[in-house]
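Remember, it's a predicted structure, so these values are computed and weren't measured experimentally. Quick note on labels: first sequence line is chain A, next is B, and so on, each numbered from 1.
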There are 2 protein chains.
Amino acid sequence: MDTNLTGGAGTYDVSAFDRPSVAVDVAAITARGDRLHILLVRRGVWPFEGRWALPGGFVKMDEDLDTAAHRELCEETGVAGASYLEQLYTFGAPNRDPRTRVISVAYYALLPGPDSALRREGRAMVACEPEAGTDAAEARWWPVDSLPPLAFDHNAIVATALSRLRAKLGYTSVAYALLPEEFTLTELQRVYEVILAQELDKRNFRKKMLAAGILDTVPRQKREGAHRPAQLYRFTKREAVFLDD
Amino acid sequence: MDTNLTGGAGTYDVSAFDRPSVAVDVAAITARGDRLHILLVRRGVWPFEGRWALPGGFVKMDEDLDTAAHRELCEETGVAGASYLEQLYTFGAPNRDPRTRVISVAYYALLPGPDSALRREGRAMVACEPEAGTDAAEARWWPVDSLPPLAFDHNAIVATALSRLRAKLGYTSVAYALLPEEFTLTELQRVYEVILAQELDKRNFRKKMLAAGILDTVPRQKREGAHRPAQLYRFTKREAVFLDD
DNA sequence: AGTAGTATGTGTGTAATGGACACTAACTTG
DNA sequence: CAAGTTAGTGTCCATTACACACATACTACT
């Protein structure tokens with residue numbers, strides 16, 4: 001292998017450089033009940049042994065970063081098939097890891113809540129229930145408003161993920177990723193309320209959503225409980241599209 | 001050194017992993033004349049010898065990523081004191097570099113244009129004129145709408161930088177970083193027009209900017225050419241603040 | 001001194017958007 | 001059939017976004 005390496009135009013001998021380790025960490029987010037939750041694993045080894053941390057691990061030499069994020073999420077928590085995964089930010093402070101230099105490419109993932117119709121109907125099942133993976137002592141969903149102190153700089157990563165999600169909610173249709181394929185407008189509204197942490201007006205919300213042209217009516221209703229049944233909708237595209245076009 | 005490394009909770013022996021190299025690449029942007037320009041260096045070595053590339057290079061073991069970005073920009077192009085520097089995205093496709101696995105943390109930097117009052121007044125001088133650095137054969141500003149094919153995936157990095165800049169222009173005051181300390185409203189408008197690549201209405205633009213409350217009037221005018229002199233302004237804060245508060 | 005040239009600077013009217021706000025409809029359960 | 005519960009709907013008002021045209025203040029030339 002040629003060891004003449006540079007990102008720019010010069011010449012270096014690779015052996016002259018110690019290389020940092022490169023990891024991915026994933027903030028997997030879901031909405032259950034009326035709070036957002038984050039998936040954490042409990043560390044079994046030093047450093048931060050016993051502390052909770054985001055699932056994550058080292059990137060393999062021939063592996064794409066996105067692939068590594070999916071893989072680590074699955075390996076450490078048993079959660080597969082995140083409906084949305086986006087790179088968030090790369091955290092690289094020299095001492096963020098007490099062992100050695102570790103540069104972490106952080107991702108956030110969105111998963112439909114546990115009450116999802118997908119799950120109830122038992123088809124196209126997505127694995128959302130965590131189970132401790134090969135590397136993790138324990139895996140659990142934690143409500144974001146009462147997180148324990150996390151290992152490394154993971155509290156900062158979570159904060160970044162939440163603020164990014166809040167921002168994207170405003171100008172894209174990412175919300176699809178937190179909902180089952182079919183849902184009622186009330187369920188959609190709750191997702192918005194949970195993320196934004198504020199109540200929204202029902203009439204204005206419905207007006208805006210329907211006007212955005214990202215929803216299709218499905219010819220079916222959801223009847224549940226002693227009240228009027230609700231119309232079901234689905235997103236026209238199961239991907240994050242920009243609104244306002 | 002302890003070699004028990006994991007981003008999550010498990011146990012690995014570092015020696016079992018080949019580590020990728022980690023680089024930073026910087027898309028330095030400025031507005032000169034009526035076009036945006038990007039600072040490129042010409043590569044002197046394989047691969048992509050002779051091709052133009054973004055300035056960049058490897059991150060040192062005990063160096064912050066932001067620091068590395070500043071350093072590489074300066075070392076390779078002689079351009080110091082970027083008024084804004086922000087991490088953009090991390091590019092990590094396994095074969096983006098033909099030599100070995102290189103993960104690149106991309107940044108974009110903004111610099112005031114060459115007509116800056118700072119430069120004309122000769123104080124607080126910022127080095128904006130490129131000169132080939134130790135590692136670069138040649139360094140030059142290129143208009144973004146007629147870039148040559150770049151080395152590696154650098155065309156994609158530039159595209160990402162431009163779209164991020166366009167987006168941020170809409171909800172922050174980043175424009176400050178492309179202007180000298182004092183400027184006229186017309187100069188400010190041109191910066192917007194150049195970035196958005198469309199003409200704006202003068203009256204609406206001025207109304208909006210003044211209403212945003214991010215500008216201070218300076219008790220001085222700019223007289224230049226055979227026409228009415230223009231009021232000078234400065235940004236209340238020389239940092240990117242969110243509008244609409 | 002006056003005139004031509006050039007970029008600065010200013011206000012109004014109209015359309016679109018965002019937000020507040022209260023009642024009827026349709027179902028289930030007892 | 002009555003009580004309980006959630007679904008579903010429309011108007012008014014305030015703010016914002018956008019289109020649009022002319023007087024002002026200087027320089028340079030004759």
Side-chain angles (χ1 to χ4, degrees), chain A residues 33-34 113 115 117 120 166-167 169-172 179-180 182-194 196-234 242-245, chain B residues 33-34 113 115 117 120 166-167 169-172 179-180 182-194 196-234 242-245:
Chain A
D34 50 5
D115 300 316
R120 275 204 315 286
R166 263 187 276 272
L169 201 65
Y171 62 90
T172 70
L179 287 161
E182 300 182 355
F183 51 86
T184 68
L185 285 182
T186 301
E187 289 167 344
L188 179 59
Q189 183 173 345
R190 282 225 206 296
V191 165
Y192 273 73
E193 290 175 334
V194 163
L196 301 176
Q198 66 174 351
E199 296 201 341
L200 301 173
D201 179 82
K202 197 206 291 195
R203 281 170 294 188
N204 293 336
F205 180 82
R206 295 161 100 91
K207 208 192 313 172
K208 195 163 83 171
M209 280 299 148
L210 295 173
I214 54 174
L215 300 181
D216 292 334
T217 307
V218 345
R220 194 144 27 107
Q221 294 184 323
K222 173 171 184 172
R223 33 180 19 76
E224 176 192 57
H227 55 81
R228 180 173 177 173
Q231 181 61 238
L232 285 168
Y233 294 85
R234 64 165 50 131
F242 287 79
L243 306 181
D244 202 29
D245 298 324
Chain B
D34 50 4
D115 300 315
R120 276 203 315 283
R166 263 187 275 272
L169 200 65
Y171 61 91
T172 71
L179 286 162
E182 300 182 355
F183 51 87
T184 68
L185 285 182
T186 301
E187 288 167 344
L188 179 59
Q189 183 174 345
R190 280 226 207 295
V191 164
Y192 272 75
E193 289 175 336
V194 162
L196 301 176
Q198 66 174 353
E199 296 201 342
L200 301 172
D201 179 83
K202 197 206 290 194
R203 283 170 292 188
N204 293 334
F205 180 81
R206 296 161 99 90
K207 208 189 315 173
K208 196 163 82 171
M209 280 299 149
L210 295 174
I214 53 173
L215 300 182
D216 291 334
T217 308
V218 345
R220 194 145 25 109
Q221 295 185 323
K222 173 171 185 171
R223 33 181 18 79
E224 176 194 57
H227 55 80
R228 178 172 179 173
Q231 181 60 238
L232 284 168
Y233 294 85
R234 65 166 49 133
F242 287 79
L243 306 180
D244 202 29
D245 298 324

Atom [atom1] of [X] and atom [atom2] of [N]: how far apart are they, to the nearest Å?
{"X": "A:L243", "N": "C:dG18", "atom1": "CG", "atom2": "P", "value": "11 Å"}
{"X": "A:L185", "N": "D:dG8", "atom1": "CG", "atom2": "C1'", "value": "9 Å"}
{"X": "B:Q198", "N": "D:dA17", "atom1": "CD", "atom2": "C1'", "value": "14 Å"}
{"X": "B:F205", "N": "D:dA17", "atom1": "CZ", "atom2": "C1'", "value": "15 Å"}
{"X": "A:M209", "N": "C:dT17", "atom1": "CE", "atom2": "P", "value": "16 Å"}
{"X": "A:D201", "N": "D:dA7", "atom1": "CG", "atom2": "P", "value": "14 Å"}
{"X": "A:F183", "N": "D:dA7", "atom1": "CZ", "atom2": "P", "value": "14 Å"}
{"X": "B:E187", "N": "C:dT8", "atom1": "CD", "atom2": "C1'", "value": "12 Å"}

Which one, [options], comes nearest to the side chain of [X]?
{"X": "B:K202", "options": "C:dT8, C:dA26, C:dA22", "value": "C:dT8"}
{"X": "A:R223", "options": "D:dT9, D:dT27, C:dT28", "value": "C:dT28"}
{"X": "B:Q231", "options": "C:dT28, C:dG9, C:dT8", "value": "C:dG9"}
{"X": "A:R228", "options": "C:dG5, D:dG8, C:dG11", "value": "D:dG8"}
{"X": "B:K207", "options": "C:dC21, C:dT12, C:dA7", "value": "C:dT12"}

Practice problem: Before giving the answer on side chain to side chain contact (heavy atoms under 4.5 Å, CB included), spell out for A:T172 and A:L243 the whole-Å C-alpha distance, their side-chain angles and the decisive distance to 0.1 Å. | Solution: CA-CA 5 Å; A:T172 70; A:L243 306 181; 5.6 Å; no
Quiz item: Between B:Q189 (side chain) and B:R206 (backbone), is there a donor-acceptor pair under 3.5 Å?
Solution: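 Absent.
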For [X], answer base if it contacts any base atom (sugar-phosphate contacts may also be present), sugar-phosphate if it contacts only those atoms, and nothing otherwise; contact means non-hydrogen atoms under 4.0 Å.
{"X": "A:R206", "result": "base"}
{"X": "B:T186", "result": "sugar-phosphate"}
{"X": "B:K208", "result": "nothing"}

Quiz item: Got a donor-acceptor pair under 3.5 Å from the side chain of B:R203 to the base of D:dA21?
Solution: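 Result: at least one qualifying N/O pair found.
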Quiz item: Roughly how far apart are B:R190 CZ and B:F205 CZ, rounded to 0.5 Å?
Solution: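 Output value for this atom pair is 10.5 Å.
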Quiz item: Can you tell me how far the CD atom of B:Q231 sits from the CZ atom of B:R220, to the nearest 0.5 Å?
Solution: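 Here the interatomic distance stands at 10.0 Å.
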Self-check item: Given DNA chain C, 5'-ward residue of the pair B:Y233 and B:H227, judged by closest heavy atom
Solution: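 So the residue in question is B:H227.
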Quiz item: Taking side chain as C-beta onward, heavy atoms only, is B:L215 less than 4.5 Å from B:F183?
Solution: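 SC-SC contact between B:L215 and B:F183 confirmed.
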Self-check item: Given DNA chain D, 5'-ward residue of the pair A:N204 and A:A230, judged by closest heavy atom
Solution: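 First, find each residue's nearest nucleotide; the 5'-ward one identifies A:A230.
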